[in-house]
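See below for the structure under consideration.
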Amino acid sequence: MLALSLFVVGSVVGCGNGGGKEGGTVELLNVSYDPTRELWKDLNAAFIPKFNETHKKSLKVKQSHGGSGPQARSIIDGLEADVATLALWSDVDAIHKKGLIADGWIEKFPNRSLPYTSTIVFVVREGNPKNIQDWGDLVKGDVSVITPSPKTSGNGKLAFLAAWGSVIQAGGNEEQAQAFVTDLYRRVPVLDTGARGATTSFAQRGLGDVHLTWENEAHLELKEAGGKLQIIYPKSSILAEPHIAIVDKTVDRKGTREVAEEYLKFLYTPEGQEIIAKHHYRPTDAKVLEAHRSSFPDLELFQVTKVAESWDAAQTRFFAEGGVFDAIYQANK
């Protein structure tokens, strides 16, 4: 079954802190978003032995997983993450705005601190009984939709913006986009707090006809469902950009900066990029992406600027208290 715990320990050796001289032990905490458990388990298993052999240390990597927004809030409220690997730019930048991540964080690692990208796709029941092919099909007949809450989940925010943007991408206007999204959320029977909870509602509890989810999570669902589900790629969807960052206040206090930097840099190595591709995240290394091209069907990917000036503007307009989503949710009660 899919793991549901919000805190798991990855492949680890040793315990404790300390990062400068040879020998001893060092511990990192990686605070990530909901559906990356399996990815980081494999990345940690690959990185830790190499690090231990090179530096003659025992490295322990702890993982924390949950809805991306609450994970960012946990770091702001005192969870001592060495690295933040969250779903959205806005979640990482919220930590930066509180002074825990230094200015210029987005340029600290290659590709604007993006080791991979992703998108939102559809998962449907075997045989696609409701004939769902594109966004417009989500509001036909008695179709029931599963998607997590955009108030707490990166998946939820991206699904909302992908739905809204699909109308604009097709030449529609803002009023038509709001009408479409209002109808869509009228069909959502439960708003789970995170991506993995929504997966459980759809794949295990049998709720809904279609699940709006991360591309990587869709493939994991299919693997575990034994042929009872299938993936549908809509004509267009949003470009998801899960940034990574060092939490400067934490690493400077603990003395783990060099270790944390080496850890995140591993994501950009050929081995790290291959692991990323294996888990159905779209690697940013063009050669690795091309080698796995058959795993990543082409679709029109639009950026958040299709629906708002920036992520800050999208957060304020759509997801802040009293924003568009709150109005839609209240109207659908």
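To the nearest 0.5 Å, atom CG of residue Leu86 and atom CD of residue Gln71 are 7.0 Å apart. How far OG1 of Thr117 is from CD1 of Ile238: 12.0 Å, rounded to the nearest 0.5 Å. Note that NZ of Lys108 is 11.5 Å distant from CD1 of Ile106, once rounded to the nearest 0.5 Å. Note that CG of Asp82 is 4.0 Å distant from OG1 of Thr256, once rounded to the nearest 0.5 Å. Interatomic distance, Leu220 CG to His280 NE2, rounded to the nearest 0.5 Å: 9.0 Å. How far CD1 of Ile275 is from CG of Leu39: 8.0 Å, rounded to the nearest 0.5 Å.
The shortest side-chain heavy-atom distance between Leu100 and Thr250 does not fall under the 4.5 Å cut-off. The shortest distance between side-chain heavy atoms of Phe266 and Glu271 falls below 4.5 Å. Looking only at side-chain heavy atoms (C-beta outward), Ile232 and Gln133 come within less than 4.5 Å of each other. His243 has its side chain out of reach of Thr85: every pair of non-hydrogen atoms, C-beta onward, lies at least 4.5 Å apart. Contact check for Trp40 versus Val61: no side-chain heavy atoms found under the 4.5 Å cut-off. Lys97 has its side chain within reach of Asp312: a pair of non-hydrogen atoms, C-beta onward, lies under 4.5 Å apart. With a 4.5 Å cut-off on side-chain heavy atoms, Arg282 and Phe296 count as touching. Contact annotation: the side chain of Glu290 approaches that of Arg293 to within less than 4.5 Å [non-hydrogen atoms, C-beta and beyond].
A distance of 6.0 Å or more separates the ring centres of Tyr185 and Tyr329. Residues Tyr33 and Trp214 bring their aromatic ring centres within 6.0 Å. For an aromatic pair to be called close, the ring centres must be under 6.0 Å apart, and Phe325 with Phe318 fails this.
A salt bridge links Glu80 with Arg253: at least one charged nitrogen is closer than 4.0 Å to a carboxylate oxygen. Using a 4.0 Å cut-off between charged nitrogen and carboxylate oxygen, Asp142 and Arg187 do not count as a salt-bridge pair. Electrostatic pairing of Arg257 and Asp252 counts as a salt bridge here, judged by a charged N lying under 4.0 Å from a carboxylate O. Under a 4.0 Å N-O distance rule, the pair Asp209/Arg125 does not qualify as a salt bridge. Classification of Asp91 and Arg73 as a salt-bridged pair fails, no side-chain N sitting under 4.0 Å from a carboxylate O. Under a 4.0 Å N-O distance rule, the pair Arg196/Glu217 qualifies as a salt bridge. We find that Lys228 and Glu221 are not joined by a salt bridge, their nearest charged nitrogen and carboxylate oxygen being 4.0 Å or further apart.
No side-chain donor-acceptor contact under 3.5 Å links Gln230 and Glu126. Counting only N and O atoms by type, the side chains of Asn44 and Gln63 include a donor and acceptor under 3.5 Å apart. Donor-acceptor pairing under 3.5 Å is lacking for the side chains of Ser58 and Thr25. For Asn332 and Gln330, the side-chain atoms include no donor-acceptor pair closer than 3.5 Å.
By the 6.0 Å and 45° rule, Lys151 does not stack over the aromatic ring of Phe319.
Ring geometry for His279 against Tyr281 counts as tilted: the plane angle lies between 30° and 60°, on a 0 to 90° scale.
Checked by atom type and distance alone, the side chain of Asn52 never pairs as donor or acceptor with a backbone atom of Lys56 at under 3.5 Å.
Each of Phe122, Tyr233, Trp164 was scored for a ring pair (Phe, Tyr, Trp, His ring centres under 6.0 Å) with Trp135, with one residue passing: Phe122.
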